[in-house]
*Asks:* 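This is the structure I want to talk about, given as structure tokens.
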Amino acid sequence: MVNNQPVNLFEVMEALDACRGVTGPLSTKRRALIWQAIETADDTDWLAARTILITTDKTLWQAVVAEGSAPNHTPPPSRILSAIQKTAKVSPRHTKPPAS
């Protein structure tokens, strides 16, 4: 089952900080597009953000599909965040501790 719970703003910002395109850190515009896709979980916003490179060789869409989302569906916010964290290799100190 996919977690549809709201995501933590701090975690999103830390994940976006870890992203790097071919020219370096994501631009403000690209960060905003990804944030909007996470915040709204809307098809239009997802379509606008999914082709953004979050590493020098992987798009947001590729990262989300690698996490198990169907390639033709808008993923829930938690899946987008998880995909960014794993793909952009967010430092463990920035992630939530495991639930007990």
Side-chain angles (χ1 to χ4, degrees):
M1 186 164 118
V2 176
N3 180 0
N4 287 319
Q5 295 297 317
V7 295
N8 179 291
L9 175 61
F10 179 74
E11 287 185 76
V12 174
M13 299 311 292
E14 290 292 320
L16 292 175
D17 286 345
C19 293
R20 298 285 182 272
V22 293
T23 60
L26 296 181
S27 68
T28 302
K29 180 179 178 181
R30 287 186 173 103
R31 289 172 65 101
L33 286 169
I34 294 173
W35 169 249
Q36 190 68 24
I38 292 171
E39 184 177 46
T40 65
D42 177 79
D43 292 341
T44 302
D45 292 328
W46 170 245
L47 291 174
R50 69 183 183 168
T51 59
I52 295 171
L53 285 171
I54 61 170
T55 66
T56 58
D57 63 348
K58 191 172 277 191
T59 65
L60 180 58
W61 180 81
Q62 289 170 316
V64 169
V65 169
E67 284 296 300
S69 285
N72 57 347
H73 290 95
T74 299
S78 59
R79 178 68 54 90
I80 297 172
L81 177 58
S82 174
I84 294 170
Q85 290 172 324
K86 290 179 182 175
T87 304
K89 296 180 178 45
V90 175
S91 171
R93 73 180 191 279
H94 298 302
T95 58
K96 287 193 299 189
S100 54

*Asks:* Work out which heavy atom in Ala15 is nearest to a heavy atom in Leu81; give both atom names and the distance.
*Replies:* CB-CD1, 3.7 Å
*Asks:* Return yes when atom CZ of Arg31 has more than 12 non-hydrogen atoms of other residues, nucleotides or ligands closer than 6.0 Å, and no otherwise.
*Replies:* yes
*Asks:* Would you give me the side-chain donor-acceptor pairs under 3.5 Å for residues 63-77, sequence neighbours excluded?
*Replies:*
unit_1 : atom_1 : unit_2 : atom_2 : d
Glu67  : OE1    : Ser82  : OG     : 3.4
Glu67  : OE1    : Lys86  : NZ     : 3.1
Ser69  : OG     : Arg79  : NH1    : 3.1
Thr74  : OG1    : Asp43  : OD1    : 2.4

*Asks:* Dump the intermediate steps for side chain to side chain contact (heavy atoms under 4.5 Å, CB included) on Gln36 and Glu39, then the final yes or no.
*Replies:* CA-CA 5 Å; Gln36 190 68 24; Glu39 184 177 46; 3.7 Å; yes
*Asks:* Starting at CD of Glu14, measure out to CG of Asn8 and round the result to the nearest 0.5 Å.
*Replies:* 10.0 Å
*Asks:* Among all residues two or more places apart in sequence or in another chain, which pass the side-chain contact (heavy atoms from CB on, under 4.5 Å) test with Ala49?
*Replies:*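 Checked Ala49 against side-chain contact (heavy atoms from CB on, under 4.5 Å); matches are Leu33, Ile34, Ala37, Ile52, Leu60.
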*Asks:* Should side-chain heavy atoms under 4.5 Å link Ile, Leu, Val, Met, Phe, Trp and Tyr, which residues sit in the same cluster as Val22?
*Replies:* Leu53
*Asks:* Treating Ile, Leu, Val, Met, Phe, Trp and Tyr as nodes and any side-chain heavy-atom pair under 4.5 angstrom as an edge, say whether Ile54 and Met13 lie in one connected cluster.
*Replies:* yes
*Asks:* To the closest 0.5 Å, what do you measure between OG (Ser78) and CD (Gln85)?
*Replies:* 10.0 Å
*Asks:* Identify the heavy atoms of Thr59 and Arg50 that sit nearest to each other, and give their distance.
*Replies:*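 What the structure gives for the nearest pair is CB-O, 3.6 Å.
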*Asks:* Report the residue from Asp45, Leu16, Ile84, Leu9 that forms a side-chain contact (heavy atoms from CB on, under 4.5 Å) with Ile38.
*Replies:* Ile84
